[in-house]
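One structure is given here, and the rest of the page talks about it.
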Amino acid sequence: MDIFSSLNSQQVEAVKTTEGPLLILAGAGSGKTRVITVRIAYLITEKQVAPYNILAVTFTNKAAGEMRERVEVLLKGQKLHSAPLISTFHSLCVRILRQDIENLDEGYKKSFTIYDTDDSQKVVKACLKDLGLDDKQNNPRNIRNAISSAKNRGEDAEMYASKVEYGDGKKAVIAKVFKMYDERLNTANALDFDDLLIKTVKLLRKSPETREKYNDRYKYILVDEYQDTNALQFALISFLTEKQQNISVVGDDAQSIYGFRQADIRNILGFEEHFPDAKVILLEQNYRSTQTILDVAHAIIENNVNQKKKKLWTANPGGERIFYYQAYDADGEARFVASKIEEHQRRSLSDRVAVLYRTNAQSRLFEESLRRMRIAYNIVGGFSFYERAEVKDVIAYLKLAMNPFDDIALLRVINTPTRGLGKTSLDELQNQARSVGSSLWMTITGITDPAFPTAVNLTSRARTALLAFKKTIENLIEKVRELAESDRPVSEVVIAAIEDTGYANSLRLENTDEAQARLENLEELVNAAVDYDRQEENGLRDFVDHAALVSDTDKYDGTAPVTLMTVHMAKGLEFPVVFLVGLEDGIFPHSRSINDPKELEEERRLAYVAITRAEKVLYVTHSMRRRVYGEEIAAEPSQFLNEMPLELIEDLSQSASWLSYARSTTSMTSKAAVSALRGETAPVKPKNIYSGKTYNSSEAIAEFFKKKNVEPQSREDAEESKETVSQPVSSLDSLKGAAVRDETSHSALRTPHSLVPGSHVRHEKYGRGLVLRREGVGDNTKLTVSFPGFGQKKLIEKFANLQKE
DNA sequence: AAGTAAATTTTTTTT
DNA sequence: AAATTTACTT
């Protein structure tokens with residue numbers, strides 16, 4: 001196969017320039033991912049570079065996954081002994097730190113825990129409390145954000161403190177918390193997301209041997225979305241490419257949308273200064289969109305002052321005008337979108353549709369309207385499976401078993417399920433821990449040791465409860481140790497964390513629908529763990545890291561007919577049909593950005609990203625009313641609408657719209673047009689009451705966990721399935737059953753040992769399926785089953801309760 | 001100590 | 001409107 005056949009001359013040059021620093025300025029839709037992937041293939045097949053010497057870094061797991069897939073296709077048939085590492089910044093750092101963090105000499109051990117945003121915020125809250133500060137006046141979330149921003153700028157607690165001006169009380173508080181926060185994380189052997197980058201950079205700076213090691217390992221480095229890199233990421237890349245200088249970066253300053261994460265556009269603008277030998281290649285031909293769509297996008301981005309002037313061109317046909325719809329209220333907007341999607345699907349099923357919004361909170365109405373129209377859709381982001389309380393609880397047990405110093409994990413589970421350790425006892429425990437400056441786990445060990453009776457204000461009941469808890473965790477630790485020494489499946493420990501801790505039983509005793517749903521989620525967690533069984537000794541570690549680092553982003557299914565997501569998530573993707581919704585002042589651009597010219601420019605770039613996702617058809621919609629915090633308020637059209645060339649827009653609104661006024665009026669400003677229009681509108685009609693639960697459900701979760709080589713699948717009308725599947729059944733029978741359950745009723749004993757590949761089975765939730773693979777023996781037998789409409793599932797035979805058909 | 005009722009807050013965007 | 005936190009009861 002000629003890998004160059006589909007490339008233009010600039011793209012070919014970008015692929016063939018393998019040595020030395022290279023900057024590829026790639027406009028939207030200019031085939032940037034294709035260049036990167038072909039480049040990787042070229043290095044391996046033509047330049048004989050060993051795959052493991054290649055590193056490609058992206059920002060999201062979704063981008064990494066997609067790149068991996070495409071490289072795989074290009075390299076199909078080659079007999080390779082290794083694979084290039086295609087990873088996110090954060091995963092790369094975890095990989096390095098799990099090997100070498102001990103060289104950092106900061107007391108961190110390889111078994112470190114990763115704290116997510118939620119965990120970090122809890123630490124901040126605890127710090128405030130211990131500093132005797134009120135968390136009403138000092139919002140923990142804001143403080144956490146301030147610390148995170150500082151870290152991403154490359155500042156540590158000391159640097160931050162030195163910059164606090166006299167009299168700035170707020171910053172003084174942040175500085176204090178910052179210092180304490182870092183100390184806490186250190187004693188807990190925990191790293192937050194930002195630390196992953198920071199500690200890796202520090203390690204590389206400090207240890208020339210480590211630096212050498214990774215320089216020799218990664219001889220060719222590619223960075224995607226380079227315009228979104230921040231100071232830390234830049235430092236990391238600089239260290240890694242120190243020796244070889246074989247760095248190539250791809251980016252587009254017009255698509256920089258992560259300023260809030262301290263992305264520094266100077267990284268891309270100053271690339272040539274930092275690497276004087278750098279070669280620069282421009283990719284300006286757009287292969288994705290119609291000229292009309294590009295013209296609209298260009299008209300908007302032109303309003304940015306800080307922008308390199310450049311214009312994309314396309315050989316694609318001009319295309320139809322973009323469509324516009326003004327809805328009376330947000331519900332009407334959602335109904336319009338759903339009915340148009342239906343229309344599109346009737347015409348041509350193959351055209352994938354995306355509904356893009358500024359904030360996750362906007363998704364609900366669109367979900368509802370699509371559901372009512374019985375249109376299958378896929379939603380990306382929002383609430384993550386791993387953010388569910390029950391999932392976090394069980395993960396916390398696992399984290400604790402691997403790193404008992406993890407105070408946050410310990411606090412999360414010590415009284416979950418309730419063990420009679422209430423606020424009083426826990427306060428005392430924390431006080432005790434603080435007074436000796438050690439972790440809670442060590443403190444518990446001290447308190448419960450009969451040989452060293454400590455003077456603590458604990459009731460004997462609490463002491464007994466602590467002892468029981470300690471035993472529970474020790475058992476779990478033992479399980480983890482056994483696991484590491486044998487080839488036992490990861491799922492076994494996960495089940496132990498659910499069952500042996502009493503967690504599942506307490507849920508069963510609740511006997512409510514909600515508890516039932518939680519149990520189902522935990523079954524999915526066990527199913528997810530099955531996938532890690534083959535990764536031997538680090539399986540559990542990897543599994544928990546995955547839970548911390550992987551968001552719902554990679555739930556994205558590139559073949560789903562309808563996808564709902566935020567504009568941020570849509571970056572790098574393309575769709576034949578795009579709905580850009582909620583184009584209202586305060587929504588898009590967001591109210592938080594409207595007063596700062598810098599941030600407004602970022603919003604504009606965001607709008608540019610959204611528009612350039614569209615290949616053929618673009619709809620832009622807005623509503624005249626919107627509910628904010630439960631109150632319905634008047635909404636004004638986005639200024640971005642006003643920046644679009646009006647002659648390229650076709651108005652689909654049912655009655656007189658902002659657009660028609662804007663067109664007919666030269667004297668009136670568009671804002672005035674809106675007020676004039678509003679004066680004519682009828683009183684608010686009664687709102688359609690629809691209060692069905694819109695999301696959640698285990699099928700969404702099952703979806704999430706599906707890994708590569710799994711049939712993609714959209715979410716079905718969950719409401720209907722809820723009604724028809726009256727008795728929800730899951731793959732993990734043991735978790736669901738009655739609180740007290742006779743062991744002999746385990747499905748393994750009921751299921752005949754005849755589920756060989758090729759046989760047809762029935763699963764109570766997924767329906768009829770075909771057994772594809774059978775692995776393991778006895779209780780550990782795992783089956784890979786393909787369920788039409790649900791894709792492939794890996795199930796533990798013992799728990800799956802499969803009926804032969 | 002645990003469950004319930006009342007009060008308060010929440011919305012950027014992501015690893 | 002919904003979710004989370006706090007205050008109050010048993």
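Below, read A as the first sequence line, B as the second, and so on, with proteins coming before strands; counting in each chain starts at 1.
Atom P of nucleotide B:dT13 and atom CZ of A:R605 are separated by 18 Å, given to the nearest angstrom. Note: CD (A:E631) to P (B:dT11) measures 18 Å, nearest angstrom. Rounded to whole angstrom, the span from the CG atom of A:L365 across to the C1' atom of C:dA1 amounts to 11 Å. Following rounding to the nearest Å, A:M565 (CE) and B:dT14 (P) show an atom-to-atom distance of 11 Å. Taking atom NE2 on A:H568 and atom P on B:dT11, their separation rounds to 16 Å, with Å as the unit. The CZ atom of A:R364 sits 7 Å away from the C1' atom of C:dA1 (whole-angstrom rounding). Atom-to-atom, CG of A:N145 to P of B:dT11 comes out at 11 Å; the value is rounded to the nearest Å. If you measure from atom CG of A:L197 to atom P of B:dT15, you get 13 Å, rounded to the nearest angstrom.
Taking only side-chain atoms of A:N139, from C-beta outward, the nucleotide of B:dT15, B:dT14, B:dT10 with the closest atom is B:dT10. Distances from the side chain of A:Y258 to the nucleotides C:dA1, B:dT10, B:dT14 place B:dT14 closest.
The aromatic ring of A:Y629 does not sit over the base of B:dT11; the criterion of centres under 5.5 Å apart with planes under 30° is not met. A stacked arrangement is not assigned to A:F59 and the six-membered base ring of B:dT15, the conditions of a centre distance below 5.5 Å and an interplanar angle below 30° not being jointly met.
Here A:K202 pairs with A:E106 under the salt bridge (Lys or Arg N to Asp or Glu O under 4.0 Å) rule; sequence neighbours left out. By the side chain to side chain contact (heavy atoms under 4.5 Å, CB included) test, A:E602 is found to be paired with A:F260, A:R605, residues two or more places apart in sequence or in another chain being considered. A search for salt bridge (Lys or Arg N to Asp or Glu O under 4.0 Å) contacts involving A:R141 returns nothing, not counting sequence neighbours. With sequence neighbours excluded, the residues satisfying side chain to side chain contact (heavy atoms under 4.5 Å, CB included) with A:K571 are A:E225, A:Q227, A:D228, A:Q255, A:I257, A:Y258, A:V609.
Note on A:F89: nothing from the nucleic acid sits closer than 4.0 angstrom, heavy atoms only. Counting non-hydrogen atoms under 4.0 angstrom, A:Q262 reaches nothing in the nucleic acid. A:N360 comes within 4.0 angstrom of sugar-phosphate atoms only, judged by non-hydrogen atoms across all strands, and of no base.
Taking the C1' atoms as reference points, C:dT6 lies 22 Å from B:dT11, given to the whole Å.
The number of heavy-atom neighbours closer than 6.0 Å to CZ of A:R95, taken from other residues, nucleotides and ligands shown, is 12 or below.
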Polar atom pairs (N or O), protein with nucleotides 1-5 of chain B, under 3.5 Å:
{"residue": "B:dA1", "atom": "OP1", "partner": "A:G422", "partner atom": "N", "Å": "3.0"}
{"residue": "B:dA1", "atom": "OP1", "partner": "A:S425", "partner atom": "OG", "Å": "3.4"}
{"residue": "B:dA1", "atom": "OP2", "partner": "A:T424", "partner atom": "OG1", "Å": "3.0"}
{"residue": "B:dA2", "atom": "OP1", "partner": "A:G420", "partner atom": "N", "Å": "3.3"}
{"residue": "B:dA2", "atom": "OP2", "partner": "A:N415", "partner atom": "ND2", "Å": "3.1"}

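Under the ring pair (Phe, Tyr, Trp, His ring centres under 6.0 Å) criterion, the residue pairs touching residues 578-604 of chain A are A:F579-A:Y619, A:F588-A:F640, with sequence neighbours excluded.
For A:D195 and A:K199, the salt-bridge test fails: no basic side-chain N is under 4.0 Å from an acidic carboxylate O.
A donor N or O paired with an acceptor N or O is found under 3.5 Å between the base of B:dT13 and the side-chain atoms of A:R358.
Residue A:T566 has a polar side-chain atom (N or O) positioned under 4.0 Å from OP1 or OP2 of B:dT14. Contact annotation: A:R261 side-chain N/O to B:dT14 OP1/OP2 distance is not under 4.0 Å.
Checked by atom type and distance alone, the side chain of A:K399 never pairs as donor or acceptor with a backbone atom of A:Y115 at under 3.5 Å.
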